[in-house]
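Please read the structure below before turning to the comments.
Atom set for the values below is all heavy atoms of this structure, side chains included, hydrogens, waters and symmetry mates excluded. Every chain is numbered from 1, with letters handed out A, B, ... down the list of sequences. On a predicted model such as this, the values are computed, not experimentally measured, just so you know.
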Amino acid sequence: MSEHLPGFRDFYPDDLARRNHLFAILREVAVRFDFREFDAPVLEPLDLYLEKSGEEIATQLFHFTDQGGREVALRPELTPSLARLVADKAESLKKPIKWFHLGEHFRYERPQKGRLRSFFQFNADLIGEASPSADAELIALLVSLLEECGLHSEIFQVRLSDRITWSLFLEDRKVPQEKRSDLLDVIDKSSRRDPEATLEALETLLPGEGKAFLDAVDELKSIDTLEGITERLHSFSQSEEDEAARRAEDWKVLINRLESLGCIDAITIDLGIVRGLAYYTGFVYEAFETSGESRALAGGGRYDHLISKLSGGSSDLPASGFALGDVTLADCLEANGLLPEIDVGPDLYLIAGGQDERVVALQDSSRLRKAGYAVTYPLREQGFGKQFREAGKSGAVFALVYGEEELAAGKVKVKDLTSGAEKSVESGSLIEELLAIEEAGGLAVES
RNA sequence: GCGAUAGUAGCUCAGUUGGUUAGAGCACCGGCUUGUGGUGCCGGGGGUCGCGGGUUCGAAUCCCGUCUAUCGCCCCA
């Protein structure tokens, strides 16, 4: 039955109106935070993605060989393209770079709730600033985006974590360097896996120490206050100026900024968030519905070495950013009754009695359209009753009636389709009259 | 890629232990209606019952396969 490819969507006008409405909100909020919109190609060299993520990623890409023999792929994410844009002009771009992007992405994966093969993603990145103030700005933007879509902190929370804190934890426990990335992976999964499986995985990596390690991990994950984090980090410290002490200071700066920016209510400290990706280097976060079940609304974090890696070392800039997907966002809004029905009706619906009246109505439609009104009229000859019915169903704000009487008197009858009230106006001053009526908030019913 | 459940009109669904020409509401189109709609009345179009095969005198109904969707696993940039 399905006419589109699996994981792809058709957007009928009502659907697209809703999508555009949401996108307009996202764009507007991003601009308020002084982020600039950019774009990049949808189709990129396959290598761009293999370099970042390895060969295995190819099975999850839409990729093919083009007629020129080039291996190409539809973009599954934006970061590699962004890194190229930034690296190419790293010298001349004013720092910090605050850019955002809203576009379609493609991943060849099993479609599920909240995850399709084609989806739109809002990306925001802040490049060239390594301090936690940049992370705070991004998180504040994320919270604002969700709030302006109608959500609030009782519906969603941004779970905040830090990979450096985890590294210091591993360091403190004297875990060999080569096992750290695997352990972070196990820790990342531990929140959505049953404890037995986690214990088993830990025991494999650290024979004999699995249980003790798991207890220590759970203890760290249970911390949900700045004081708790600070205390724990100082327990890793050897001196007042080592990395653990500096990280405690970073946490303090970040949390204080988030407080000042007014979004602390939407933040939960939760070290259970690690994010699977190896390239994250600092604070990481994911936005979730508090109701629990659904997948992350958004996710992001700091990736200080990625631009260097993707640019082949030609430029090295600290960076941080997040992505917000349209599928989970729309699901969340719908579940909370916040998906608006967008009215796509015209401003004016013209109703004409006969041939002569129609000529005048069409002439007016031309004037009105040039003046900026969305104008429509029935394409076929129809009776008044029928035309009024159509006018009502069209969603138009006003009907303009061109009948025999109006034509003879050089007038047009304006009908407010919401209130049902009518007013005859001089044909020559129609636009002025319409403006006055709109100014007054419509035509009132005579009492 | 692996398991589980489902699939009947554009949408939501009904369809008796297998039995004539598969129905309803909403939506859509037309008429009543060349001067008043969204909210009246009458009528109409629209289905290879997801697709393919099998069992049977006969299949929307039972069996197998397949596709798609949903849920769980893997993954989640």
Side-chain angles (χ1 to χ4, degrees), chain A residues 1-10 12 14-15 44 48-54 56-61 73-83 105-117 119 121 123 185 188-189 192-194 197 273-280 284 286 293-296 298-301 303 306 310 321-323 325 327-328 331 343 345 349 351-358 378 380-407 413-422 424:
Chain A
M1 273 299 261
S2 196
E3 292 168 20
H4 46 66
L5 290 167
F8 285 72
R9 291 169 287 178
D10 290 324
Y12 288 86
D14 285 348
D15 305 321
E44 292 275 14
L48 185 63
Y49 304 111
L50 301 187
E51 279 165 24
K52 176 185 160 203
S53 309
E56 330 78 67
I57 200 75
T59 64
Q60 307 196 50
L61 295 175
L74 288 169
R75 66 181 175 206
E77 60 166 324
L78 194 72
T79 309
S81 306
L82 168 65
H105 299 266
F106 307 87
R107 295 180 188 173
Y108 194 86
E109 297 180 293
R110 164 80 88 207
Q112 285 175 34
K113 186 161 190 67
R115 183 213 273 177
L116 301 173
R117 286 180 172 180
F119 55 94
Q121 229 178 35
N123 274 265
D185 194 47
D188 179 45
K189 290 186 167 99
R192 49 181 186 269
R193 206 146 73 165
D194 72 272
I273 302 293
V274 181
R275 309 221 82 204
L277 296 172
Y279 63 72
Y280 284 112
V284 290
E286 292 184 351
E293 299 308 309
S294 93
R295 60 180 61 241
Y303 52 95
L306 190 64
L310 286 172
F322 67 84
V327 182
T328 43
D331 284 352
D343 192 355
Y349 193 102
I351 292 174
Q355 293 286 349
D356 297 342
E357 291 84 359
R358 173 175 298 270
R380 286 188 285 180
E381 297 279 346
Q382 285 173 325
F384 272 98
K386 182 72 177 172
Q387 294 187 65
F388 274 102
R389 183 195 290 262
E390 293 300 325
K393 285 201 289 191
S394 75
V397 184
F398 298 106
L400 299 186
V401 184
Y402 295 82
E404 219 173 324
E405 297 163 24
E406 285 80 8
L407 203 59
K413 191 185 279 176
V414 179
K415 173 163 181 160
D416 183 326
L417 289 166
T418 308
S419 67
E422 300 180 335
S424 270

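Rounded to an integer number of Å, the gap from A:Lys189 NZ to B:rC75 P is 4 Å.
Side-chain proximity of A:Pro111 to the nucleotides B:rU70, B:rG37, B:rA77 is greatest for B:rU70. Among B:rG35, B:rU68, B:rG40, the nucleotide with an atom closest to any side-chain atom of A:Arg389 is B:rG40. Nearest to the side-chain atoms of A:Arg107 among the listed nucleotides B:rU36, B:rU70, B:rC76 stands B:rC76. With distances taken from any side-chain atom of A:Glu77 to the nucleotides B:rG37, B:rG35, B:rA77, the minimum falls on B:rA77. Closest to the side chain of A:Lys52, from the set B:rA77, B:rG37, B:rU70, is B:rA77. For A:Glu405, counting side-chain heavy atoms from C-beta on, the closest listed nucleotide (B:rC73, B:rU70, B:rG35) is B:rG35.
For A:Arg115 against B:rC75, a side-chain N or O and a base N or O form a donor-acceptor pair under 3.5 Å.
Base contact: A:Leu417 has a heavy atom under 4.0 Å from a base atom. At a threshold of 4.0 angstrom between heavy atoms, the contacts of A:Gly300 with the nucleic acid are absent. Counting non-hydrogen atoms under 4.0 angstrom, A:Gly299 reaches nothing in the nucleic acid. Nucleic acid contact for A:Glu357: none, since no nucleic acid atom lies under 4.0 Å from a heavy atom of the residue. At the heavy-atom level, A:Glu381 lies nowhere under 4.0 Å from the strands shown. Across all strands, A:Ile57 comes closer than 4.0 Å to base atoms (heavy-atom distances). When heavy atoms are screened at a 4.0 angstrom cut-off, A:Gln60 is found touching base atoms of the nucleic acid. Using a 4.0 Å heavy-atom criterion, one finds that A:Arg358 contacts no nucleic acid atom at all. Heavy atoms of A:Glu390 sit nowhere under 4.0 angstrom from any nucleic acid atom. At a threshold of 4.0 angstrom between heavy atoms, the contacts of A:Gly383 are confined to the sugar-phosphate backbone, with no base atom among them.
Under 4.0 angstrom from either OP1 or OP2 of B:rA77 there lies at least one side-chain N or O belonging to A:Arg275. Note on A:Lys386: a side-chain N or O is less than 4.0 Å away from OP1 or OP2 of B:rG30.
Using P as the reference atom, B:rC26 and B:rC63 are 35 Å apart when rounded to the nearest Å. Comparing the C1' positions of B:rG50 and B:rU70 gives an interatomic distance of 15 Å, to the nearest angstrom.
Stacking between A:Phe384 and B:rG35 is shown: the ring centroid lies under 5.5 Å from the centre of the six-membered base ring, and the planes differ by under 30°.
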